[in-house]
Structure formats: C-alpha cells, structure tokens
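Here is the structure we will look at.
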Amino acid sequence: MVGRLPRAPELSPGGGWVTYLRASEQDSEINELWGQALPGGQPRRLLSVSDLIGAQGVRLTEAEKMALERRRVQGRGITGYQWCGKDDRRLILPLSGDLYLVELTEQGPRSQRLSFDEKEPERDPVCDAAGRQLAFVKGGDLWVQSLDGASAGPARRLSQTGSESRSTGLAEFVAAEEFGRQRGFWWSPDGQRILALEVDESEVPLKTRSQIFADRMAMTTQRYPGAGERNAKVHALVFDTRGRVPVEPQRLSLPAEAEYISRAGWFADGTPWLQWFTRDQKQLSLVEFSGPQDQARTVLVERDPAWVEVQDDLRELPTQLRSGKPALLWISEASGRAQFWLVDRVTGERQQLSRQAEPVARLICQREQGLVFSGATERGRGREIFELNWQGQSRVFQPGEARRWRDARADQGCRHLLLTESRWGQPPRTEVLALDGQAPALPLKGDAPDPLLAAIAPQVQVLDIVAADGQTPLNAFYLPPLKAGTKPDQRHPVIVKAYGGPGTATVGWRWSGDTALLAYLQRQGFGVLTLDTRGMAYRDRAFTRAHAEGFGKAELADLFAAVHQLSKLVPSVDPARIGFTGWSYGGYLAARAMLDANTPFAAAIAGAPPTDWMLYDTAYTERYLGMPEGGRAKPYAEANLISRAGLLQKPLMLVHGTADDNVLFENSLRLIEALQSEGKLFETVIYPGRAHGITGKKARLHLDRTQTDFFIRHLKP
C-alpha cells in the first residue's frame with residue numbers, strides 16, 4: 001500500500017552517487033542494490049543476489065541473524081553494503097557469509113568475490129580511508145585483506161585469541177543492543193593501525209534459548225548478561241597493520257570502573273580515543289591515549305544523577321581552535337535539554353554553542369561556516385533540519401509548512417544532503433539536495449503509494465492531555481471512529497496505543513507503519529488514542545528522566561490520567577469500553593495496566609512483554625532500575641508482573657514470538673504460569689520461530705486481524 005520505498009540509502013564519500021536497497025519486482029521482501037549518479041542520474045539496478053551467487057539460497061549463521069536483528073534490518077537478499085575508501089568507485093558487500101568487492105565502471109558494476117570460506121563467515125567488513133585495505137572479523141579474530149592489486153595477497157590474521165567466548169573486533173550483545181555500537185574496530189586515519197576491542201564473555205552467563213518452530217525446535221545458546229549478572233570483559237587494543245608478520249598489539253589501560261565502552265575512534269592527529277560508562281551509567285568519560293606508551297588522559301567527564309545519554313556526535317572542528325587544537329563537538333543536557341557544546345581538547349573547558357528552544361537530535365555534517373543538524377520541534381512531535389553558525393545562530397534549512405518530520409545524512413564534504421521527509425499519513429520520501437542550492441532536488445526511485453492510502457489515511461485530532469502530576473503536557477493524537485451509520489452523539493469504544501518506555505516517542509508528525517491498521521480500526525467503529533507518557537524521548541531532560549528507579553510508575557499514572565481525561569475531551573467516548581495495546585515495553589505497560597485493581601481499561605493486548613526485569617539485560621535494566629539485589633531491590637520488586645498475577649480481572653491477551661532473543665519467550669511463559677496458578681482466564685497467541693518483531697506479510701496480517709478480533713469481542717456491545 002505504501003509502495004516500494006528505498007531502504008538503507010547512502011551517499012558516496014565524494015558525493016558522486018546515491019545508492020539504496022530496493023525491493024525486487026518479483027518479491028517485495030528481497031532487496032536489490034540500486035544507484036543513481038549525481039547530479040541527475042537515472043535510477044539503475046546495480047546488483048541482485050543472483051548476480052553474485054546465482055540460484056543459490058542465502059545462508060546465514062545464527063550469529064549473523066542475531067546481528068541483523070540488533071540492527072533492526074528487515075528483508076532478505078542484499079541486507080547491507082558500504083562504500084570503500086574516499087572515492088566513488090568501490091563498495092563492499094557481505095552476502096551469504098562471504099565478501100564481495102564491487103567496482104562501478106563505465107561498463108557497469110563489476111564484482112569480485114574476496115573470500116571463499118563455506119564454514120566461517122567474514123563479518124563487519126570496513127575499508128581503510130584510502131580504500132586499499134579491508135578489515136573484517138572471522139572466527140572471532142581480526143583479519144586484514146589488501147585490496148591493492150599490485151600487492152594483494154591472502155588475508156592476514158592480526159589477533160590470535162578467537163574462541164567460543166572470546167572475540168576481537170565484534171560488538172558484544174549489550175553494546176549493540178543498548179548502546180547502538182554495532183562495530184568493534186576502527187582504522188587509524190593513515191591506515192597503519194587499527195583500534196579494536198577484545199571481548200571476553202567467558203564469565204557472562206550462557207543462556208539456552210529454545211527456538212520453537214512449527215515443525216522443529218532448535219536449541220540456541222547465547223551469552224546473555226541478565227540484570228545484576230556479569231558483563232563481558234572488554235579491553236582496547238591497537239594493532240599495527242604494517243608488515244606480513246603480526247606483532248603484539250598495544251593494550252590501552254582503562255580504570256576498573258570502565259564497565260561499558262560505548263564509542264571509540266581516532267582523532268585526526270592519530271590519537272585513539274574511547275568513551276566509557278560506569279556500570280550505573282551516571283558517568284561518561286572521554287579518554288584519549290597519547291605518548292610513546294599510549295597513556296590515558298581524560299578529556300572530559302559527563303555526569304547525571306539519573307543517567308547520561310549515549311554520546312554519538314563527537315567531532316573535531318578544524319576551523320574552531322582551542323589551545324592550538326581543533327575544538328571538539330559534544331552534546332550535553334547540562335542546560336536542561338540536549339544542546340551542542342564546544343570542548344577544549346587540552347583543558348576540557350566547555351562553551352555552549354546552540355541554544356535551541358527544544359533538544360537537538362544529532363549532527364548531520366560540518367562545514368566551514370558551521371553545522372547542519374536535526375532537532376526537535378513542536379514539543380518533540382516534529383523534527384527539522386537546521387543550519388548553525390559558529391556564533392550560535394541557527395536557521396531552518398528550507399523552511400516550509402509545519403507538522404513535518406525531516407532528517408538527513410550527508411556526504412563527507414557536507415555538499416549534499418540525503419534528506420528524508422514524512423508527515424502524518426504520508427509515507428517518507430527521500431531526495432538528494434545540494435546544500436548550495438545549485439542543483440535541483442533528485443528524488444530517489446520508489447514505487448508510488450497506492451492511491452487508496454491517501455483516501456483512508458486518518459486525520460488526527462490533537463488532544464491537550466496533562467500528565468498525572470497535573471502540569472506536564474503530554475503529546476496525544478485522537479482518531480475518531482468512521483464506521484458508516486455511527487451517530488455523532490453515539491458512545492463508542494476506544495483503543496489506546498502507547499509504548500511508554502524510554503528512548504523513543506510514537507506521537508509525531510511523521511509516517512507510522514500502523515496507519516492502515518488505525519484506519520481499519522476506525523472503520524470498525526473504534527476511536528484510537530495514541531499517547532506519549534513521561535519518560536519518553538525528544539523532550540527536555542526533566543521529562544525524559546521519569547523512569548529513574550522505577551518502571552510502571554510515572555507512565556502508568558499518566559496512562560490512567562489520560563484515559564480519565566479522554567471522556568471529558570471527547571464526550572462521545574464510552575469510558576467503560578476502552579482497550580489498550582502495546583508491544584515490547586508497550587507490552588509490559590499493557591500487562592501492568594491490567595494487573596491493577598484500579599485499571600480503567602476493559603481489555604488489553606500485551607505483545608512481547610518483559611514480565612520480570614531480572615530476565616532483561618544489564619545495561620538497559622540497570623540504567624533505570626539500578627542493581628537488582630537478586631530481585632529484592634524495591635524498583636525490581638515493584639516492576640515485577642509475576643507477583644501481580646492475582647489482580648487480573650479483565651480480558652488480557654499475551655502475544656509472543658517463540659524465537660525472541662530480545663525479550664525472551666520465557667517472560668510470557670512465566671506470566672502464563674503465574675496466571676494459571678491463580679486460576680485466571682486469559683488468551684495467548686504465539687508465533688513459532690518469530691523473533692522480537694513479527695515479520696512477514698502473512699504473519700503481520702494475522703497479528704492485525706487477531707488484535708482487531710479481540711477488541712471487537714471485548715469492546716463492542
């Protein structure tokens with residue numbers, strides 16, 4: 001219905017190409033690599049799976065499948081690619097466990113298979129800046145392969161310690177899942193050294209996860225650190241890539257309290273740096289390693305009594321010198337909301353650069369006259385692209401109508417933007433724009449949405465909902481029922497859809513993948529309320545820290561308060577027929593809402609809900625709840641759903657995929673057992689072999705129909 005949208009779009013380093021994945025005409029779940037030459041080139045298919053491996057099926061190990069899950073990559077076929085070096089000639093493409101070098105020539109793309117190991121996949125390939133070398137991880141060790149035809153030889157193994165529990169160059173589970181660090185090594189600017197992280201998971205508990213399929217059951221073991229358990233031990237090493245004989249790497253020293261390494265890289269002068277968190281994540285330190293022994297020196301420390309957010313926008317600013325060195329760009333919430341700061345790398349002294357009325361989101365690129373960045377608008381419901389000069393003055397890039405969501409990426413020279421824009425009810429569109437405005441916008445090729453979408457896309461009503469504290473405004477959209485024959489004054493049921501957890505927000509002026517489902521629910525006679533409670537993202541620090549030391553408190557209170565206000569704001573709502581649905585943290589919130597003696601909900605669907613936070617990982621859970629003390633700590637005991645099973649009085653449906661490696665299926669099993677022990681009636685829907693997100697057209701259709709049927713049965717007169 002939304003058309004075939006371009007996926008994973010990228011600008012080439014030199015700005016001469018835009019590439020993206022596009023669904024095959026034969027199968028919308030199979031990705032092909034497409035590209036357009038800039039400026040003004042026509043879209044052309046560059047590669048498909050059959051071009052590389054013929055009719056063979058793509059093979060993936062369980063580790064590769066889990067890595068794609070960490071990256072939230074959907075679809076099959078070509079699932080990833082990257083540009084190699086600073087020019088616009090080469091790409092590296094991993095497929096079916098092997099690596100391919102793709103060269104764009106005047107005669108068309110030319111591919112070369114770089115690896116031929118049928119048993120052990122090559123993972124996380126990254127080229128050096130010059131595009132003459134390729135590093136990757138294989139068998140838990142770091143390898144380097146020359147791409148220079150004159151000196152190319154077999155790949156060389158740099159580390160020698162790879163085993164079942166030890167790897168060099170890969171991101172451990174919590175780094176990928178909770179800190180968004182998908183890589184474990186970084187090339188130096190001159191291509192002569194690699195900073196790599198060595199991960200020892202030998203003390204991380206080994207969890208056995210049963211993947212229950214319709215026709216079989218596979219047992220998968222996974223190093224998974226549950227709350228309060230041991231994390232992986234991570235050490236930073238610097239490898240010299242020169243010479244044919246590996247030399248002992250230089251080990252970088254960090255203090256014992258450096259529990260998590262969230263980011264790493266190199267400064268332009270060849271100095272490696274690391275960002276590390278304490279285990280409670282209330283302190284984030286930036287450390288550089290210089291001198292003959294790579295001695296550690298702390299550049300800056302960020303502290304927060306609740307937790308410090310991950311820092312993703314550390315950059316050197318060559319035009320802004322401090323103490324003789326380029327100033328560092330840093331995002332801090334010290335002013336009460338996320339803003340850009342300039343940091344003296346030598347003294348650590350800070351100067352606030354941006355003073356936006358709402359939080360900045362992320363840096364897009366830097367240029368001589370200032371920064372290009374995205375930031376929140378309309379109380380977090382919108383996102384806009386801004387230009388910021390070095391005097392702290394900002395302006396919107398290409399001002400237009402309000403109520404839109406825009407973000408972008410840029411080429412290395414900050415000459416072109418790959419801009420994506422969407423609005424409520426309108427699928428995203430992506431185009432390439434020249435920042436100097438000298439070339440017309442180049443839209444990326446995609447199939448137009450079905451005309452039916454424009455006809456059915458709901459029009460939302462903005463509701464003025466106030467949080468349970470009586471003063472904080474909450475973002476909420478309401479969609480009235482559209483069933484033919486419904487009288488304006490006739491009371492109708494409502495379905496509330498919310499997430500409630502930290503790190504994201506769902507109410508905004510942007511495309512929602514649930515648009516068609518929401519429109520369908522309207523036509524079944526339901527009103528729909530979407531709501532962002534305190535603790536969710538894109539707002540000021542005071543708003544986003546509501547989950548500190550407690551799950552199921554502020555967000556549940558806000559949810560209940562919103563339901564009580566709804567019938568006053570929309571008099572035709574029947575307060576006795578309000579349902580709730582949520583997934584993941586939203587599933588937790590749905591189950592928690594029903595396991596409450598004072599719930600205002602008549603029925604709820606809990607999808608993939610965490611039910612005992614002792615089962616969830618260290619980094620996420622401890623950030624908000626602290627250490628569990630074996631589950632006895634008050635925040636854990638109060639957030640636990642198992643002990644509340646006896647409070648269920650109204651219809652509840654539990655939905656879960658049996659191969660979920662994020663919120664383990666065990667979470668639902670424990671609640672199911674507890675509810676059965678209490679003699680409570682409830683419904684259960686399981687999806688054999690499905691992970692945390694229920695993917696596949698037929699499975700998604702079944703899930704939507706199942707939810708609709710549940711609410712028709714329990715909310716209709």
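Applying the side chain to side chain donor-acceptor pair (under 3.5 Å) test to every pair with at least one member in residues 557-567, sequence neighbours left out, gives these pairs: R534-D558. Screening residues 529-555 for ring pair (Phe, Tyr, Trp, His ring centres under 6.0 Å), with sequence neighbours left out, gives W405-Y538, H547-F551, H547-Y585, F551-Y585, F551-W613, F551-Y624. Each ring pair (Phe, Tyr, Trp, His ring centres under 6.0 Å) pair with one or both residues in residues 641-660, not counting sequence neighbours, appears once here: H656-F665.
Inter-residue side-chain proximity for V174 and T618 is flagged as met; some heavy-atom pair is nearer than 4.5 Å. Here the side chains of N662 and Y616 are in contact, with some heavy-atom distance below 4.5 Å. In this structure, the side chains of Y636 and T621 come closer than 4.5 Å at one or more pairs of heavy atoms. Residues F710 and L715 have side chains not in contact (no heavy-atom distance under 4.5 Å, counting atoms from C-beta outward). By the 4.5 Å heavy-atom criterion applied to side chains, D596 and L647 are not counted as neighbours. Contact check for R670 versus D612: side-chain heavy atoms found under the 4.5 Å cut-off. Contact annotation: the side chain of W583 approaches that of L703 to within less than 4.5 Å [non-hydrogen atoms, C-beta and beyond]. In this structure the side chain of F601 never reaches within 4.5 angstrom of the side chain of K650, judged on heavy atoms.
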Could you check I331 against Q311 for side-chain contact (heavy atoms from CB on, under 4.5 Å), going step by step and ending with a plain yes or no?
CA-CA 7 Å; I331 288 183; Q311 169 60 243; 3.6 Å; yes
Check the pair R690, T658 against side-chain contact (heavy atoms from CB on, under 4.5 Å), reporting the backbone distance first and the verdict last.
CA-CA 6 Å; R690 302 290 176 175; T658 61; over 6 Å; no
Steps toward salt bridge (Lys or Arg N to Asp or Glu O under 4.0 Å) verdict (R705, D709)
CA-CA 6 Å; R705 294 181 64 185; D709 174 74; over 6 Å; no
Can you check salt bridge (Lys or Arg N to Asp or Glu O under 4.0 Å) on R362 and D407, steps first, answer last?
CA-CA 9 Å; R362 65 182 192 86; D407 213 332; 3.3 Å; yes
Set out, in order, the CA-CA distance, both residues' side-chain angles and the distance that settles side-chain contact (heavy atoms from CB on, under 4.5 Å) for L521 and I495, then state yes or no.
CA-CA 9 Å; L521 292 174; I495 298 171; 4.0 Å; yes
Verdict with reasoning, K207 to E229, per salt bridge (Lys or Arg N to Asp or Glu O under 4.0 Å)
CA-CA 12 Å; K207 306 292 174 64; E229 297 179 336; 3.3 Å; yes
Kindly determine whether T684 and M653 satisfy side-chain contact (heavy atoms from CB on, under 4.5 Å), including the steps that lead there.
CA-CA 6 Å; T684 306; M653 173 183 284; over 6 Å; no
Under the salt bridge (Lys or Arg N to Asp or Glu O under 4.0 Å) criterion, do E421 and R423 qualify, and how do the steps go?
CA-CA 7 Å; E421 177 178 324; R423 298 174 185 269; 3.3 Å; yes
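Look at E172 and R223 and you find no salt bridge, because none of the NZ, NE, NH1 or NH2 atoms lies under 4.0 Å from a carboxylate O. By the 4.0 Å N-to-carboxylate-O rule, D574 lies too far from R491 to be salt-bridged with it. Under a 4.0 Å N-O distance rule, the pair E358/R337 does not qualify as a salt bridge. Electrostatic pairing of D304 and R541 counts as a salt bridge here, judged by a charged N lying under 4.0 Å from a carboxylate O. Under 4.0 Å is where a charged nitrogen must lie from a carboxylate oxygen, and between D514 and K497 at least one such pair does.
More than 12 heavy atoms of other residues, nucleotides or ligands sit less than 6.0 Å from atom CD of E678. Within 6.0 Å of NZ on K634 lie no more than 12 heavy atoms contributed by other residues, nucleotides or ligands.
To the nearest 0.5 Å, atoms OG1 (T611) and CZ (R592) are separated by 13.5 Å. Here the straight-line distance linking atom OG1 of T708 with atom CG of L517 works out to 5.5 Å at 0.5 Å rounding. The CZ atom of F682 sits 8.5 Å away from the CG atom of L648 when rounded to the nearest 0.5 Å. Atom OG of S668 and atom CD of E673 lie 13.0 Å apart (nearest 0.5 Å). For the atom pair CZ (R623) and CG (D280), the distance works out to 11.5 Å, reported to the nearest 0.5 Å. Separating the CZ atom in R644 from the CG atom in L675 is a distance of 12.5 Å, to the nearest 0.5 Å.
The shortest heavy-atom contact between R539 and T544 is O-CG2, 3.6 Å. Residue S584 comes nearest to Y499 through the heavy atom pair CB-CE1, 4.3 Å, listed as atom of the first residue, atom of the second, then distance. Scanning all heavy atoms of the two residues, the minimum distance from G550 to L625 falls at N-CD2, 3.6 Å. Of all heavy-atom pairs spanning P473 and R379, the tightest one is CB-NH1, 3.5 Å. Taking every heavy atom of both residues into account, L559 and V496 meet most closely at CD1-CG1, 4.0 Å. Heavy atoms only, all atoms of each residue included: P610 and L641 are closest at O-CD1, 3.8 Å.
Aromatic ring orientation, F173 versus Y224: tilted (interplanar angle from 30° to 60°). Note on ring orientation: taking the six-membered ring where Trp is involved, the planes of F477 and W509 are tilted (angle from 30° to 60°).
A cation-pi arrangement is absent between R510 and W424, since the terminal nitrogen or guanidinium carbon is not both under 6.0 Å from the aromatic centre and inside a 45° cone about the axis. Judged by the 6.0 Å and 45° rule, K282 forms no cation-pi pair with F277.
Distance alone, capped at 3.5 Å, places no donor-acceptor pair between the S422 side chain and the P428 backbone. Checking side-chain atoms of Q281 against main-chain N and O of A619 turns up a donor-acceptor pair under 3.5 Å. For T599 (side chain) and A593 (main-chain N/O), a donor-acceptor pair under 3.5 Å exists by modelled atom type. Without hydrogens or angle criteria, R545 side chain to W307 main chain gives a donor-acceptor distance under 3.5 Å. Although no hydrogens or angles enter the test, the distance criterion places a donor-acceptor pair under 3.5 Å between the side chain of Y588 and the main chain of A639. Panel note: side chain K716, backbone Q524; a donor-acceptor pair is recorded below 3.5 Å. Between the side chain of Q182 and the main chain of A176, a donor-acceptor pair closer than 3.5 Å is present. With hydrogens and angles disregarded, a donor-acceptor distance shorter than 3.5 Å links the side chain of E622 to the backbone of G228.
Residue L531 is tested with T506, L463, I465, N475 for a side-chain contact (heavy atoms from CB on, under 4.5 Å); the sole match is I465.
Between the side chains of D661 and Q222, no donor-acceptor pair is found at a separation under 3.5 Å.
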